[in-house]
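Worksheet: one structure, shown below.
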Number of protein chains: 2
Amino acid sequence: MRDTTTLQPGLSVDCVIFGFHENELKVLMLKMKKMGKWALPGGFVDRDKDVDTEANNVLKRRTGIENIFLHQFHLFGKVDRNRPNHASNLLDNGLIDSKFKSWFEQRFITVGYYALVEYANVQAPKPDPISEKCEWLPITELPELILDHRQIIVKAHETLKKELNHQPIGLNLLPEKFTMPELQALYETVLEKKLDRRNFRRKMLSYEILIQTNERRLGGAHKAPTLYQFDKLKYKQAIDGGLKSGW
Amino acid sequence: MRDTTTLQPGLSVDCVIFGFHENELKVLMLKMKKMGKWALPGGFVDRDKDVDTEANNVLKRRTGIENIFLHQFHLFGKVDRNRPNHASNLLDNGLIDSKFKSWFEQRFITVGYYALVEYANVQAPKPDPISEKCEWLPITELPELILDHRQIIVKAHETLKKELNHQPIGLNLLPEKFTMPELQALYETVLEKKLDRRNFRRKMLSYEILIQTNERRLGGAHKAPTLYQFDKLKYKQAIDGGLKSGW
DNA sequence: AACTATTGTGTCTATAGGACACAAACATAA
DNA sequence: TTATGTTTGTGTCCTATAGACACAATAGTT
């Protein structure tokens with residue numbers, strides 16, 4: 001714990017870090033020591049640092065990744081969101097020193113950010129001193145979370161769904177090369193609904209943001225699908241213009 | 001100025017209050033005494049009050065309106081957004097007492113909200129003690145604003161454009177009864193582009209959220225347009241489902 | 001009564017979206 | 001080597017929606 005006098009009082013940042021693996025949307029979470037509950041990676045904001053900067057630092061500290069898709073999506077400002085026993089619980093479980101108790105007892109608001117990262121790029125996520133581990137958890141089966149962190153994740157997911165129409169998110173969540181079925185599985189997972197295989201392909205190709213390689217993904221007992229990669233320039237242009245209509 | 005000890009330190013709320021009048025999108029602004037610059041209506045958040053609550057209070061204090069469309073859209077968290085001379089300027093112009101100077105010198109973040117109100121319902125907007133007047137200004141010709149308030153308005157306008165596809169905003173910005181050309185003018189103003197008169201009517205009616213009255217707006221040297229009003233129940237359902245595609 | 005401006009209504013066409021059929025190809029088993 | 005199961009790649013049909021545009025109806029003005 002840093003010297004709290006350099007921190008902006010009552011303000012924190014929490015990051016909902018999304019990854020995609022085995023056809024599941026996952027969130028990077030920390031398991032608190034003793035308490036057993038899970039928490040979003042977060043941080044406190046230095047008085048002399050931008051809020052965005054701290055969000056980037058959180059992402060860097062837990063994943064080692066920099067300069068990746070990271071969007072602020074909501075401020076959670078209810079007065080009782082860390083009341084009434086959060087500080088006491090932290091203290092009782094030996095997670096903070098008693099001299100910091102009053103710091104944690106004050107009313108806290110938190111700024112929610114969501115990040116899209118390539119699952120394979122985060123091999124060994126790093127827990128913080130008060131957490132016993134840092135792991136990917138499927139968004140569909142979350143355990144008990146501290147405070148309003150479940151609500152924060154729900155809101156992040158809702159935002160991601162809406163943004164999907166304005167930003168082809170695949171670039172950030174998928175590896176360099178991927179197949180059309182894999183891209184579709186990502187969309188179906190985020191949107192929580194099935195899409196027609198042939199219509200999906202037609203529409204996705206119509207954006208003209210994909211480059212077809214001459215490689216195929218072998219190994220399955222069926223026709224080997226072609227590998228694609230994003231045309232990053234056209235991808236950026238498509239985002240700026242906004243994708244026409246939705247899914 | 002309230003006793004600052006009851007306030008959440010370094011946190012404010014600013015409201016971009018949109019109105020529609022004479023085919024212009026307007027924003028309710030305060031003109032600061034002496035300084036001459038204009039500012040968004042804002043407020044400080046009590047330690048024991050929700051942030052949303054203070055945003056509603058700001059709206060109530062300046063317009064007298066309660067329970068109206070009010071959405072949080074962004075937290076502005078750059079460390080230098082009120083630096084370096086804001087507190088000194090306030091003091092030099094006699095707008096604050098010197099005992100509050102250090103309070104205003106701290107780093108401030110602000111939560112942006114935007115509101116949609118019926119212009120005619122705000123006849124005499126109320127200035128606060130440090131403002132000489134409170135008026136509607138056209139969004140297209142804003143004078144010099146304090147701090148990053150221009151940027152906040154731009155972001156609010158961008159958000160409104162995006163939301164327009166998910167929420168038929170007319171209900172909040174127009175009077176009880178209105179004509180189709182008036183509704184179209186609102187859309188054209190918010191979107192900053194012309195729409196085809198006949199196609200607009202067709203699409204708007206297809207939502208089935210309007211009720212046609214048997215009244216007409218007389219006075220023009222031309223065919224008198226029919227007055228419509230919103231079917232509030234269907235309006236709500238349409239919002240929940242999300243309007244199909246955009247403008 | 002003629003004129004002007006704007007509203008109300010309808011048509012045509014191009015495009016996009018949803019439902020669906022069939023051939024091609026990779027791995028495995030016979 | 002051949003047959004089989006499974007999934008990919010491609011194309012068609014139909015409908016809904018969107019954009020461009022023509023013409024009649026009507027309130028006020030001259």
Side-chain angles (χ1 to χ4, degrees), chain A residues 22-23 161 164-166 168 170 174-175 177-189 191-229 238 241-247, chain B residues 22-23 161 164-166 168 170 174-175 177-189 191-229 238 241-247:
Chain A
E22 292 175 341
N23 284 357
K161 276 193 194 180
L164 193 56
N165 291 330
H166 302 281
L174 291 174
K177 296 179 182 178
F178 52 89
T179 67
M180 193 61 76
E182 285 162 4
L183 182 58
Q184 180 178 347
L186 169 59
Y187 271 71
E188 290 181 341
T189 303
L191 296 173
E192 297 174 302
K193 70 174 177 188
K194 284 286 173 191
L195 301 171
D196 182 88
R197 187 173 65 83
R198 293 150 288 187
N199 296 335
F200 177 84
R201 164 189 291 272
R202 181 187 349 136
K203 184 163 180 177
M204 187 57 68
L205 289 176
S206 76
Y207 294 144
E208 298 188 321
I209 56 174
L210 295 182
I211 301 172
Q212 181 172 348
T213 72
N214 46 18
E215 303 170 64
R216 297 162 167 276
R217 168 124 36 241
L218 301 174
H222 50 71
K223 182 166 178 177
T226 306
L227 288 171
Y228 291 87
Q229 55 190 41
L243 291 185
K244 40 194 166 188
S245 68
W247 291 96
Chain B
E22 291 174 342
N23 284 356
K161 277 194 197 180
L164 195 55
N165 291 330
H166 301 283
L174 291 175
K177 296 177 181 178
F178 52 88
T179 67
M180 193 61 77
E182 285 162 4
L183 182 59
Q184 181 179 344
L186 169 60
Y187 270 72
E188 289 181 341
T189 303
L191 296 173
E192 296 174 303
K193 71 175 176 186
K194 284 285 173 193
L195 302 171
D196 182 88
R197 186 173 65 84
R198 294 150 287 188
N199 296 335
F200 177 83
R201 165 188 289 273
R202 172 167 22 114
K203 184 163 179 177
M204 188 56 69
L205 288 176
S206 76
Y207 293 146
E208 299 187 321
I209 56 174
L210 295 181
I211 301 172
Q212 183 172 348
T213 73
N214 45 21
E215 302 170 64
R216 292 162 170 278
R217 168 133 23 246
L218 300 174
H222 49 72
K223 182 167 179 176
T226 306
L227 288 171
Y228 291 86
Q229 55 190 41
L243 290 185
K244 39 194 167 188
S245 69
W247 290 97

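Labels below follow one simple rule: chain letters A, B, ... track the order of the sequence lines, proteins then strands, and each chain is numbered from 1. Heavy atoms only: backbone and side chains are in, while hydrogens, waters and symmetry mates are out.
The nearest whole Å value for the distance from the CZ atom in A:Arg201 to the P atom in D:dT8 is 9 Å. For B:Asp196 and C:dT11, the CG to C1' distance is 13 Å, given to the nearest whole Å. Rounded to whole Å, atom P of D:dT8 lies 19 Å from atom CG of A:Asn214. In this structure, CD of B:Gln184 is placed 13 Å from P of D:dG19, rounded to the nearest angstrom. Spacing between atom CE of A:Met204 and atom P of C:dG17 amounts to 12 Å, rounded to whole angstrom units. Atom CZ in B:Phe200 sits about 18 Å away from atom C1' in D:dA20, given to the nearest Å. For the pair B:Gln212 CD and C:dT7 C1', the interatomic distance rounds to 12 Å; values are reported in whole Å. Note: CE (B:Met180) to C1' (D:dA25) measures 17 Å, nearest angstrom.
Along DNA chain C, the nucleotide closest to A:Gly220 and the one closest to B:Pro225 are compared, and the more 5′ of them pairs with B:Pro225. For B:Arg202 and A:Arg216, each mapped to the nucleotide of DNA chain C holding its nearest heavy atom, the one lying further toward the 5' end belongs to B:Arg202. Mapping B:Gly219 and A:Ala224 onto DNA chain D by nearest heavy atom places A:Ala224 at the nucleotide closer to the 5' end.
Annotation: ring pair (Phe, Tyr, Trp, His ring centres under 6.0 Å) contacts of B:Tyr228 (sequence neighbours excluded): none.
Rounded to the nearest 0.5 angstrom, A:Met204 CE and A:Leu183 CG are separated by 4.5 Å. Annotation: the span from A:Asp196 atom CG to A:Arg202 atom CZ amounts to 8.5 Å, rounded to 0.5 Å.
Looking at A:Glu188 and A:Phe200, their side chains never come closer than 4.5 Å, going by heavy atoms from C-beta outward. In this structure, A:Thr226 and A:Met180 have side chains that are not in contact, with every pair of non-hydrogen atoms separated by 4.5 Å or more.
Among all heavy-atom pairs drawn from A:Thr179 and A:Leu227, the shortest one is CG2-CD2, 3.7 Å. Closest approach of A:Leu186 and A:Gly170 over heavy atoms only: CD2-CA, 3.9 Å.
Distances were taken from every side-chain heavy atom of B:Arg197 (C-beta onward) to each of C:dT7, C:dC26, C:dA24; the shortest belongs to C:dT7. Here the side chain of B:Thr226 is nearest to one of C:dA5, C:dG8, C:dA27, namely C:dG8. Checking C:dG8, D:dT7, D:dC21 against the side-chain heavy atoms of B:Asn199 singles out D:dC21 as nearest. Side chain of B:His222, nearest nucleotide from D:dT10, C:dC26, D:dA27: D:dA27. The side chain of A:Leu218 lies closest to C:dA27, out of D:dG9, D:dA27, C:dA27. Set against D:dT29, C:dG10, C:dA27, the side chain of B:Arg198 has C:dG10 as its closest nucleotide. Counting only heavy atoms from C-beta on, A:Lys223 has its side chain closest to C:dA24 among C:dA24, D:dC21, D:dT10.
Under a 3.5 Å cut-off, the side chain of B:Gln184 and the backbone N or O of B:Leu195 do form a donor-acceptor pair.
Comparing the helix axis at one end of the helix from C:dA1-D:dT30 to C:dA30-D:dT1 with that at the other, each defined from 5 consecutive pairs, gives an inter-axis angle of 10° (nearest 10°).
For A:Lys203 and C:dG17, the shortest distance from a side-chain N or O to OP1 or OP2 is below 4.0 Å.
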